[in-house]
Chemist: 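Got a structure for you, written out below as structure tokens; questions coming shortly.
Predicted, not measured: the structure shown is a model, and the values here were computed from it.
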Amino acid sequence: MFNKVLVANRGEIAVRIMRACRELGMNTVAVYSEADRTALHVRQADEAYLLGPAAARDSYLRGDKIIEIAQRSGAGAIHPGYGFLAERDDFAQAVEDAGLGFIGPRPSAIAAMGDKAVARATVTAAGVPVVPGTEGEGDLRDEDLLDLAPAIGFPLLIKATAGGGGKGMREVRSLEDMPALLESARREAEAAFGDGNVYLEKLIEGARHIEFQILADSQGNVIHLGERECSLQRRHQKLLEEAPSPFMNEELRVKMGEVACKAAQAVDYLNAGTIEFLVDKDENFYFLEMNTRLQVEHPVTELVTGIDIVKEQIRIARGRKLRYTQDDIHLNGWAIECRINAEDPYANFVPSTGVLNSVIPPSGPGVRVDTGVYAGFEISPYYDSLISKLICWGETRGETILRMRRALEEYRILGVKTNIPFHQNIMDSHRFIAGSFDTRFVEERFSMDTPEDEKEHLMTIAAVMATLVAHRQGQQAAQIVRRGKRDTSNWKWVSRWERMNR
Amino acid sequence: MFNKVLVANRGEIAVRIMRACRELGMNTVAVYSEADRTALHVRQADEAYLLGPAAARDSYLRGDKIIEIAQRSGAGAIHPGYGFLAERDDFAQAVEDAGLGFIGPRPSAIAAMGDKAVARATVTAAGVPVVPGTEGEGDLRDEDLLDLAPAIGFPLLIKATAGGGGKGMREVRSLEDMPALLESARREAEAAFGDGNVYLEKLIEGARHIEFQILADSQGNVIHLGERECSLQRRHQKLLEEAPSPFMNEELRVKMGEVACKAAQAVDYLNAGTIEFLVDKDENFYFLEMNTRLQVEHPVTELVTGIDIVKEQIRIARGRKLRYTQDDIHLNGWAIECRINAEDPYANFVPSTGVLNSVIPPSGPGVRVDTGVYAGFEISPYYDSLISKLICWGETRGETILRMRRALEEYRILGVKTNIPFHQNIMDSHRFIAGSFDTRFVEERFSMDTPEDEKEHLMTIAAVMATLVAHRQGQQAAQIVRRGKRDTSNWKWVSRWERMNR
Amino acid sequence: MKYIASVDDQSFEIEILQNNQLMVDGEVVQADFQSVSDQPVYTLLLNGESFEALVYPSEQGVQVLLRGRLFDFTVEDERQRRLRQSTGGAAMQSGEYQLRAPMPGLIVVVPVKEGQEIKSGDDLIILESMKMQNELKAPRDGTVSRIRVKSGDNVDQNQVLLTLT
Amino acid sequence: MKYIASVDDQSFEIEILQNNQLMVDGEVVQADFQSVSDQPVYTLLLNGESFEALVYPSEQGVQVLLRGRLFDFTVEDERQRRLRQSTGGAAMQSGEYQLRAPMPGLIVVVPVKEGQEIKSGDDLIILESMKMQNELKAPRDGTVSRIRVKSGDNVDQNQVLLTLT
């Protein structure tokens, strides 16, 4: 039985997993790239070993090196986190072949769910409904796809066979747009996954993206921990998740939960996983895919169920029986997660890099922050732009939204632009508050423009602040010219100003 | 009904109360001293007004000004927090006379519980057991106290009639020590409260300090939220609290809880309050005092009951009926709070002041930090040394201790010395882990010395780090001398070193 | 000192008086304005109301991020305003515009050609960075006068990618 | 370069070699040592083991706060060590000691008189600060040679309060 865990990841999720290990009394081994020597996951680990240069292919994707480090350091198991090697069945297999534990599903389950066509065929055979499309048909050429498209009907989606996270995905509204979109989808898929194959899928309009967290132990017990609402997305990237879903009712939850467990059982699933569904207005639901790993958004489920999913993962990997049956699972209160990304919500969400000059996280009752960064750390262009996850819990959805509002307002991150203002606008949006949104809401019906009624007063305040800063800048500049030298305080001011001007 | 609350306090508790207000959709008014213009409670409030100079008597104790500001700003109620004006019945009365709501008990209850002799007589009449002593006898002269002492028996405690927080308290082991101790106790009480009266109380040896949180509404309903274990004290100042108490059993909890509610009812109590008991080895318990306000350590109760005590205080002050009956209260899991103070645990806990250069709070599952400071803020000598409260929750006491350990290790506060190492040593202490401690543990049986078994390895590591820092310092100094000028990187180093040397 | 702060179609006349007082659109208010921790975070007490904002310089003038709203102000004193009014304000629409890389990354595609006329909002460059494909769009109508990069190039932050006339 | 780091009765011989290697008490180890965010926080990877500590200069030499343990090291290179050994190490016990205020505050009581002999650990001054009465104790045996403050005085940080010989 292992007592030392290597975490094959970086950022907030590596820190999250190490915290769970430490709280179970286990030792932790970090691996890191040259860009991450002083990253939080390295600082907090009991041991840390260099993988290679910053680029992921030279570091966090080097499965061979990671296994070698695990063996050398005496780690008995590897937790892959999400992304990087988490859904690579060959890596999971190599870990097992090396005599190490893989804290995740069996390689066969990763493989089955990783190939969308196989996944679709497998769950269909188990009686799980899927979205109409060509995924079961194997890798088709453009001509075939163009032939089959009208039968599925428009709008439809082009999706990458090896895909995930919105890469290589395109929406098609008519047959004549399709050839160009096929080309760009294949190009992006090829670049992202080394596999340009794509398939078609009916686009469910007004669809909600709802997923079920499941846990499965090695004794064959499978339970679900309820659903997460993940419809708030931009370019198929989730931005905000909540549990439970405001659309859910108990009857539908029981039905979908049973189907989710059935889908997991269809691939003899082990450990934590997520079944993603699309749900239409009439409560029809379709299997979308299974994520055979820990999800970014797992904390919302933790807060409403009281179950520490990462600790359960480790217990399951140690061969323990699940401590809960389905009847033990009760949802208490409401949780929302905002993904705080280094990106500019006022400039098309372009990523932002730089050193974090200052970080003041929100705190207090009902607030959880999962992060891998700190003031002084640099957000580099090598990895994704997730700075932290801000998760709030409240007795009701209303209380949670109010709490999230105050937490977002408290959060100060300086040095890079962040999407905190985006989340603040979401929390103020009447449609979000009413729970009436679907997967298209952010892109099609949401705007960062401030409603007129409250704009006036804030604009006056902002004008005062802008003027006072401009005034100070002018005064300081004038003093420098007059005195012909820079004293300390002027120097400070100017250097700060210059820094900001960069 | 009020919708705007003035918070007559500073620091973490002012921030805590404002968060509750904000989450209830209420506006907040801060008051501040000249030392606190950029304090977090001012930054987070909707409105903020200057009270006066830094000294508390010129600012946070200026009840007249505070009431005037409440009226001017349209605040309908005042929350006093703890300390400052929180237990001043004349202030509570003045608030009510001004037509404002006081978020706390009625003035009569504050007065009854604030005079220890009256409190003692009142609860004794209600059938609540009290510690043997002279408290019911009125203000006695030294001669009388010396006469009565042998009947109570040694060891005994001299305590300030107007006291609290260990001020004016002295322990007496024999009659001959008593005159000198009486004099110093009276001097300290006079300085702290403007009242030099003292009384005697039997010292319960091996005593545990256990307190019950109660809530009482204006309809006469009184419930308790279980106990908090507060035996870990130094000079009668609490350092660490937990809920539940490791000494408690369900039978005793029911019994003590009923007595606590009875004590509250004896003074027609309203809002949140705490009954402090001493409990001896044989489960005999004695009423110690009632704190007629929110306690510093209220969060541990919040985490195990799921009840937001500050929000309940506000609801009660708005005239609402309690949302819970005693049967609704269940304790779930375990919570521990460490008070993080600016003080040096290696130098007799002497307070430490200065600008916080860097703050990295712990985060992640089960961790809550309540604080009023941030990186860049100055810990001044004017107020108490509490920087923050680190509160951890876990399913079991064991998990909570492990979580607290990792949270303490994650916590970085630079610029002042803190008692974090003290808490780390407590978390490693076998007696603490076993739950076998009393109110004398910290002062008499706890040491900051590292056990030999783990000392060796850590000492070697520390020697390496000390040497590498000394080496760098030497190298840098040598370079400066050689080059005769300071380039940027040297300058940085030297200035950092000089800053640390201050 | 008197300033005019403008955003979109609105402008505010703000005069800095003695004793921490301001005249805002004709009304005298009490202002206590401080920066926090040597960072571009500012706390303002305006007649007792407490506000906090991030205030940064921008191309336009000064950007204020206040309670999740971004305002991009031009702030001028009276002299500057008169100067600008005499030269005319349409300079932005004419002259050269240089598209710079907002972050380091890889050029995926350049979907325009030199000499091509484009409209405001058209894609000029697709830049891959931080695992995302980012579309860099035209800020105004114009003609692509020079392209300095090609698909597959690695570019640094602020590197000029393309010129628009 | 070879150093001797001493604490209490233990000492460690540490030599800095090439290629990030150290010789620690005769054993060669790989060390990666970095400061974090321009603060006196240091991260050390020693043969892969990860440690983090606060490292400050102190009167003794260098203080290391590591996993809740404080170590107060004297670090000397060989030359310094020989110098010190030749002059003898008992200097600390003789000579003048000046008691300084560790923080600003109010003198409550001075429980000693000039000329009084005191023992290590005796109270010299009671200083009230941050709402606490703080006992400032004698660091060694000696005689109170001069008292510079009296009850009721307000004192600044680092102000000399009393001299011990």
Chemist: Given that the side chain runs from C-beta out, which part of C/Leu44 has a heavy atom under 4.5 Å from chain A: side chain, backbone, both or neither?
Modeler: both

Chemist: Students often mix this up, so state it plainly: with edges at 30° and 60°, are the rings of C/Tyr42 and C/Phe33 parallel, tilted or perpendicular?
Modeler: parallel

Chemist: Would you mind checking which part of C/Val109 comes under 4.5 Å of any heavy atom in chain A, side chain (CB onward), backbone (N, CA, C, O), both or neither?
Modeler: side chain

Chemist: Report which part of C/Leu65 has an atom under 4.5 Å of a heavy atom belonging to chain A: side chain, backbone, both, or neither.
Modeler: side chain

Chemist: For the side chain to side chain contact (heavy atoms under 4.5 Å, CB included) test, which of A/Arg234, A/His423, A/Met448, A/Gln424 pairs with A/Pro345?
Modeler: A/Met448

Chemist: Indicate whether any N or O donor in one side chain lies under 3.5 Å from an N or O acceptor in the other, for A/Ser358 and A/Arg412.
Modeler: no

Chemist: Taking side chain as everything from C-beta outward and backbone as N, CA, C, O, which of these in A/Ser380 sits under 4.5 Å from a heavy atom of chain C? Side chain, backbone, both or neither.
Modeler: backbone

Chemist: Considering only heavy atoms, which portion of A/Leu408 lies under 4.5 Å from any heavy atom of chain C: side chain, backbone, both, or neither?
Modeler: neither

Chemist: Between A/Glu410 and A/Arg406, is the closest basic N to carboxylate O distance under 4.0 Å?
Modeler: yes

Chemist: Check each atom of C/Phe73 against the heavy atoms of chain A and say whether the ones under 4.5 Å are side chain, backbone, both or neither.
Modeler: side chain

Chemist: What residues, two or more places apart in sequence or in another chain, satisfy side chain to side chain donor-acceptor pair (under 3.5 Å) together with A/Asp58?
Modeler: none

Chemist: Evaluate the side chain to side chain donor-acceptor pair (under 3.5 Å) criterion for residues A/Ser33 and A/Tyr383: first the C-alpha distance (whole Å), next the side-chain angles of each, then the deciding distance (0.1 Å), finally the verdict.
Modeler: CA-CA 11 Å; A/Ser33 77; A/Tyr383 313 111; 2.6 Å; yes

Chemist: In terms of heavy-atom pairs under 4.5 Å with chain A, which of C/Leu66, C/Leu136, C/Val7 leads?
Modeler: C/Leu66

Chemist: Can you tell which part of A/Leu468 gets under 4.5 Å to a heavy atom of chain C, answering side chain, backbone, both or neither?
Modeler: both

Chemist: Pairing donors with acceptors under 3.5 angstrom, does anything connect the side chains of A/Tyr382 and A/Ser59?
Modeler: no

Chemist: For A/Phe446 and A/Phe432, I'd like to know if the aromatic rings sit close, meaning centre-to-centre distance below 6.0 Å.
Modeler: no

Chemist: So which part of C/Ile4 gets closer than 4.5 Å to some heavy atom of chain A, the side chain, the backbone, both or neither?
Modeler: neither

Chemist: Please state whether the side chain, the backbone, both or neither of A/Arg187 comes within less than 4.5 Å of a heavy atom of chain C.
Modeler: side chain

Chemist: Relative to chain C, which segment of A/Asp428 carries a heavy atom at a distance below 4.5 Å: side chain, backbone, both, or neither?
Modeler: side chain

Chemist: Is a side-chain donor or acceptor of C/Thr165 paired with a backbone partner of C/Ser145 at a separation under 3.5 angstrom?
Modeler: no

Chemist: With no hydrogens and no angle check, just 3.5 Å: does a side-chain donor-acceptor pair link A/Tyr411 and A/Ser388?
Modeler: yes

Chemist: Taking only residues two or more places apart in sequence or in another chain, which ones pass side chain to side chain donor-acceptor pair (under 3.5 Å) with A/Arg339?
Modeler: A/Glu241, A/Glu297

Chemist: Name the option with the most non-hydrogen atom pairs under 4.5 Å to chain A; the candidates are C/Met1, C/Arg67, C/Gln157.
Modeler: C/Arg67

Chemist: So for C/Phe12, is it side chain, backbone, both, or neither that comes closer than 4.5 Å to the heavy atoms of chain A?
Modeler: side chain

Chemist: Tell me, out of C/Val108, C/Leu54, C/Val29, C/Leu46, who's got the most heavy-atom pairs with chain A below 4.5 Å.
Modeler: C/Leu54

Chemist: For chain A, which residues of residues 15-25 of chain C have at least one non-hydrogen atom nearer than 4.5 Å to it?
Modeler: C/Ile16, C/Leu22, C/Val24

Chemist: Do C/Glu49 and C/Asn47 have a side chain donor and acceptor closer than 3.5 Å?
Modeler: no

Chemist: Quick one: side-chain hydrogen bond (donor to acceptor under 3.5 Å, both in side chains) pairs with a partner in residues 104-126 of chain C, sequence neighbours left out?
Modeler: C/Asp123-C/Lys137

